[in-house]
Structures are given as structure tokens and as C-alpha cells.
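Order of the sequence lines sets the chain letters (A, B, ...), proteins ahead of strands, with each chain counted from 1.
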Number of protein chains: 2
Amino acid sequence: MKLDEVDRKIVSQLQIDGRTTLETLGKITGYTNMGVRKRVNNLLESESIRISALMNLKRFNFFLAVVLIETDGPETLQRLLKRFENCPRVVYIFTTIGGFNMIALVVAEDKETLESISMEKCSLRSEKGIRRSEFYPVMDVNYSPFMPIRRYLAHKDLSVPPCRVNCKPCARYKFERCVGCPATKYYKGHL
Amino acid sequence: MKLDEVDRKIVSQLQIDGRTTLETLGKITGYTNMGVRKRVNNLLESESIRISALMNLKRFNFFLAVVLIETDGPETLQRLLKRFENCPRVVYIFTTIGGFNMIALVVAEDKETLESISMEKCSLRSEKGIRRSEFYPVMDVNYSPFMPIRRYLAHKDLSVPPCRVNCKPCARYKFERCVGCPATKYYKGHL
DNA sequence: ATATTATGTTTAAAAAATAAACTCGTGAAA
DNA sequence: TTTCACGAGTTTATTTTTTAAACATAATAT
């Protein structure tokens with residue numbers, strides 16, 4: 001898949017404002033609104049692009065961290081991927097080659113909760129079969145504070161978190177040092 | 001800033017489809033289209049959210065890498081941030097605390113070019129004052145292949161790249177092992 | 001008590017999106 | 001060469017959406 005100059009202009013504009021009208025996109029490209037419509041529809045239907053809401057981390061005072069993980073083999077890696085597939089705190093999970101074979105970006109509503117997902121049973125690092133891991137709290141997201149936080153996973157209606165680690169028995173949750181999982185009923189935060 | 005249940009539904013839907021009409025959002029929330037319109041406008045004007053086009057890495061066969069950097073102090077860090085501010089290959093740069101103080105996500109059109117931004121003078125790692133760095137090619141972006149590649153920076157009209165490192169004298173560029181900088185005229189790739 | 005502000009609704013007008021039929025150039029097959 | 005199908009844009013008429021403005025109403029501040 002390759003984009004020509006017209007697609008490029010369309011995508012650039014849609015990155016700045018994903019709700020730009022077809023009329024405006026037409027003017028930018030020198031096409032009619034119907035011409036540009038077919039381009040945009042193609043891009044969307046072929047899944048070349050997606051137009052999506054990003055959240056401003058600064059506005060919401062969200063905290064990010066990068067987690068580096070080395071597993072003892074591919075089974076552990078797969079287990080981790082499966083387990084955190086629907087975790088609303090996971091922004092990205094990359095599998096990599098090199099010293100670490102998994103790198104994740106995770107989000108929390110406050111520092112205390114970030115600490116929970118650094119150490120507790122609900123943490124990526126808690127999985128059996130992890131040889132080594134490092135945890136880097138993010139101080140600044142430079143250039144642009146907008147991130148694709150998976151809000152639709154924070155539906156607050158489950159009784160067991162997607163990762164299957166119940167918050168209730170956790171001391172941090174009990175003593176109000178962690179807001180719990182945003183996908184469950186007993187969530188206490190504002191994600 | 002806090003989102004209530006209505007905002008939450010709006011943002012969730014806009015994450016799935018950023019061009020969802022106000023009518024549809026109204027139905028989802030039980031509001032009129034004008035009611036929901038004010039919510040959406042507030043979210044956008046307060047910069048709580050942004051609606052933006054993301055690119056499908058798989059469709060375009062893009063390659064990602066995570067770069068970990070430890071600098072000798074804050075000056076080097078600031079210099080790096082400044083230098084790569086408008087680099088179209090940078091997806092994210094985080095400043096972190098811990099063993100590494102900078103973590104970046106970079107993108108390339110092919111493996112050869114990825115290698116360039118791992119080692120060449122245009123690489124994040126080439127900056128003076130870097131004590132230590134690691135480079136992790138991403139094998140898989142799990143769950144969702146959509147990423148906010150900064151396409152508007154790939155305008156292909158500069159004569160000197162934003163990072164100020166000219167591609168022309170570079171052997172990799174000369175021997176077609178690197179497509180060069182997407183912000184410049186002599187770019188040979190398809191970003 | 002009395003403004004004031006934040007939120008939502010209604011209405012009518014303007015703008016945008018859509019479906020369908022049409023045009024034109026290109027490239028493959030007869 | 002001719003013909004036909006196809007992709008990419010345009011035009012037009014119609015339907016949907018968006019928008020602005022005036023109006024409600026409840027909560028908050030003075």
C-alpha cells in the first residue's frame with residue numbers, strides 16, 4: 001500500500017482534525033467533495049487509516065510508564081499478550097527483538113496506582129516466566145500530549161478484571177492506595 | 001478534568017469512529033444532537049481530546065523501533081528534544097526517570113532505513129553526550145496496528161532535514177540503502 | 001432573594017454527506 | 001485495431017447533519 005500526494009494531503013489534514021469536512025478536504029486537494037469522499041472512504045474501508053479520539057494526558061493528569069520485559073520464552077510472551085489483551089491500562093504492547101522481548105506503555109490515574117501496576121499481582125511484571133524487567137515512569141510526553149488510551153475498555157461493568165486478578169484482596173486497593181481496575185464495578189477512579 | 005458517564009460514552013464511540021455523527025452520539029447518550037454537540041465541542045475546545053487519523057502500520061509495512069537513551073545530563077536531553085522536534089520518523093519521545101532518561105518510538109519504511117536511524121548521524125543515538133543507548137526493533141504492535149505517525153511532518157519540501165543532518169553525504173543514502181528524510185526534497189520513500 | 005453559569009432542548013436555516021448516473025482515460029483481451 | 005471493463009473523478013438532486021439562536025432549567029455564587 002502506497003499513498004500518493006493527494007492521499008498524503010488528506011491524511012495530513014485528518015491528523016490535524018479528524019472531523020474535517022469533505023468540502024474542506026476537497027479544497028485542500030483540488031478535488032470535488034465527492035472525489036475526496038471516495039479517497040477517504042477507500043482509506044477507511046481498506047483500513048489504511050482510522051480516525052480516532054486521542055486523550056490529553058495533561059488535562060487528565062494521567063501517568064504513563066514504559067515497562068521492559070524479558071521472558072523465558074515465547075509461551076510466557078503469548079500468555080502475557082493474552083492476559084493483557086483487554087486491559088484498559090495498556091496503551092501499547094510491542095514485541096521486540098534484543099535483550100528485552102516485550103515493551104509496553106501503561107497508564108494510571110495517579111502515582112499510587114502507577115506504583116500498583118509496577119509491582120502488584122495485576123502488573124505485567126507479575127507473570128510467571130519473566131526473567132528480568134524494568135519499569136520507567138514517564139515524566140514527559142514530548143511534542144504532543146495526546147494518546148490513544150483505550151477508553152472503551154474502561155466500561156466499569158465486570159466483576160472480574162480482564163487480567164483475572166481481582167483487586168479486592170489487594171492491600172493497596174483496600175487502603176485506598178490504588179483505584180482498581182477501570183473495567184470493573186468496584187473501580188474508584190476517573191478513567 | 002474529569003469525564004462523567006456521558007462524556008465517557010462519547011469518547012469511547014469517537015475512539016471507535018472519530019467521524020461518528022452527532023445524531024448517533026445523541027442516540028448513544030440519550031441526548032439530542034445539540035446536547036451532545038456541546039459536549040463534543042467542549043471536549044475539543046478544552047483540548048481534552050483530539051480527533052485524529054492514525055495509520056495502519058501493517059498496511060504500509062512500516063517498521064518501528066524503541067530507542068532507550070541515557071544522557072550525561074539535562075542539557076543533552078534538551079538538545080535531543082529540540083533537534084528531533086520535527087522529525088517525521090519520531091512517533092513519541094518520552095522523558096523518563098530511572099536508568100534511561102529518554103525512551104523514543106521511531107518509524108521507518110523498510111529495514112534498511114530502520115538500520116540507518118539506528119546507527120547513522122541522523123539517529124537519536126548519534127547525539128554527543130549519550131552515555132548509553134539500546135535499540136529494539138519492534139516485531140509486532142499487538143492488539144491494534146494503528147499509530148499516530150506524524151504525516152504532516154513528511155512534507156518533502158525542505159532542503160535540509162529538521163534534524164539538520166543532510167542525507168546526501170551519507171553512504172547509506174547514496175547506495176540506496178536508506179530512503180532519506182521524508183521532510184526533504186530528495187526523499188526517495190513512500191511515507 | 002437574585003443574578004449567573006452550566007447544561008440541555010427546540011426550531012428553522014445552512015451546510016455537508018450521500019446515492020446514482022455520467023465522463024474520461026487506461027490497459028487487457030479479442 | 002477495436003472493444004470492453006475498470007478505476008477515478010464529476011455532476012446533480014436528495015437526504016442527513018450541522019449549526020445558530022432563542023429558550024428552559026437547575027445548580028452555584030453574590
Side-chain angles (χ1 to χ4, degrees), chain A residues 1-56 58-62 109 146 151-152 154-156 189-191, chain B residues 1-56 58-61 146 151-152 154-156 189-191:
Chain A
M1 183 64 190
K2 258 178 99 163
L3 298 186
D4 66 12
E5 202 47 49
V6 174
D7 290 324
R8 205 163 279 137
K9 285 179 184 166
I10 292 171
V11 176
S12 291
Q13 175 57 33
L14 289 177
Q15 281 187 332
I16 293 162
D17 174 10
R19 290 178 84 88
T20 305
T21 65
L22 298 177
E23 315 267 342
T24 305
L25 289 174
K27 272 176 202 150
I28 289 172
T29 54
Y31 278 16
T32 61
N33 59 345
M34 281 310 289
V36 98
R37 174 174 189 265
K38 293 197 177 169
R39 293 288 193 131
V40 173
N41 281 355
N42 276 348
L43 288 167
L44 289 171
E45 277 160 23
S46 66
E47 300 210 276
S48 298
I49 66 169
R50 166 175 296 177
I51 296 173
S52 181
L54 308 180
M55 299 185 77
N56 187 334
K58 293 215 173 116
R59 287 282 296 164
F60 295 104
N61 287 310
F62 285 159
E109 301 83 329
F146 293 95
R151 276 310 323 282
Y152 50 92
H155 32 61
K156 302 199 260 302
H190 67 277
L191 189 71
Chain B
M1 182 65 190
K2 257 177 102 160
L3 299 186
D4 65 12
E5 202 48 48
V6 174
D7 289 324
R8 203 164 279 135
K9 284 180 183 165
I10 292 170
V11 176
S12 289
Q13 175 57 33
L14 289 176
Q15 281 187 332
I16 293 162
D17 175 8
R19 289 179 85 86
T20 306
T21 65
L22 298 177
E23 314 267 341
T24 306
L25 289 174
K27 273 175 202 149
I28 289 172
T29 53
Y31 278 16
T32 62
N33 59 345
M34 281 310 289
V36 98
R37 174 174 189 263
K38 293 198 176 171
R39 293 287 193 132
V40 173
N41 281 354
N42 275 347
L43 288 166
L44 289 171
E45 278 161 22
S46 65
E47 300 209 276
S48 298
I49 67 170
R50 166 174 296 177
I51 295 173
S52 181
L54 308 181
M55 299 186 76
N56 186 335
K58 293 213 173 121
R59 287 280 298 161
F60 295 103
N61 288 310
F146 293 96
R151 277 308 323 282
Y152 52 92
H155 33 59
K156 302 199 258 304
H190 66 276
L191 190 72

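For B/Asn41 and D/dT17, the CG to C1' distance is 14 Å, given to the nearest whole Å. In this structure, B/Glu45 atom CD and C/dA6 atom C1' are separated by 14 Å, rounded to whole Å. Going from atom CD of B/Glu5 over to atom P of C/dT7 covers 16 Å, rounded to whole Å. A straight line from CG of B/Asp7 to P of C/dG8 spans 8 Å, rounded to a whole angstrom. Taking atom CG of residue A/Asp17 and atom C1' of nucleotide D/dT18, one finds them 14 Å apart after rounding to whole Å. For the pair A/Asn33 CG and D/dG9 P, the computed distance is 14 Å after rounding to whole Å. Rounded to an integer number of Å, the gap from OH of B/Tyr31 to C1' of C/dT9 is 12 Å.
The residue among B/Asp4 and A/Arg37 whose nearest nucleotide of DNA chain C is located toward the 5' end is B/Asp4. Comparing A/Arg19 and A/Arg39 by the nucleotide of DNA chain D whose heavy atom lies nearest to each, the residue mapping closer to the 5' end is A/Arg39.
At least one donor-acceptor pair closer than 3.5 Å links the side chain of B/Arg19 to the backbone N or O of A/Thr20.
The nucleotide whose nearest atom lies closest to any side-chain atom of A/Leu22 is, among C/dA17, D/dT18, D/dT19, C/dA17. Listed candidates were C/dA17, D/dT18, C/dT7. Nearest to the side chain of B/Asn42 is C/dT7. When distances run from any side-chain atom of B/Met34 to the nucleotides D/dT17, C/dT11, C/dA16, the shortest one goes to C/dT11.
The shortest distance between the side-chain N/O atoms of A/Thr32 and the OP1/OP2 oxygens of D/dG9 is not below 4.0 Å.
Taking 4.0 Å as the cut-off between side-chain N and carboxylate O, B/Arg39 and B/Asp4 count as a salt-bridged pair.
The only option from A/Lys9, A/Arg8, A/Lys2 that meets the salt bridge (charged side-chain N to carboxylate O under 4.0 Å, His left out) definition with A/Glu5 turns out to be A/Arg8. None of B/Leu25, B/Val6, B/Ile10, B/Leu22 except one satisfies the side chain to side chain contact (heavy atoms under 4.5 Å, CB included) rule with B/Tyr31; the exception is B/Val6.
Residue side chain A/Lys38 does not reach the base of C/dT18 through any donor-acceptor N/O pair under 3.5 Å, judged by distance alone.
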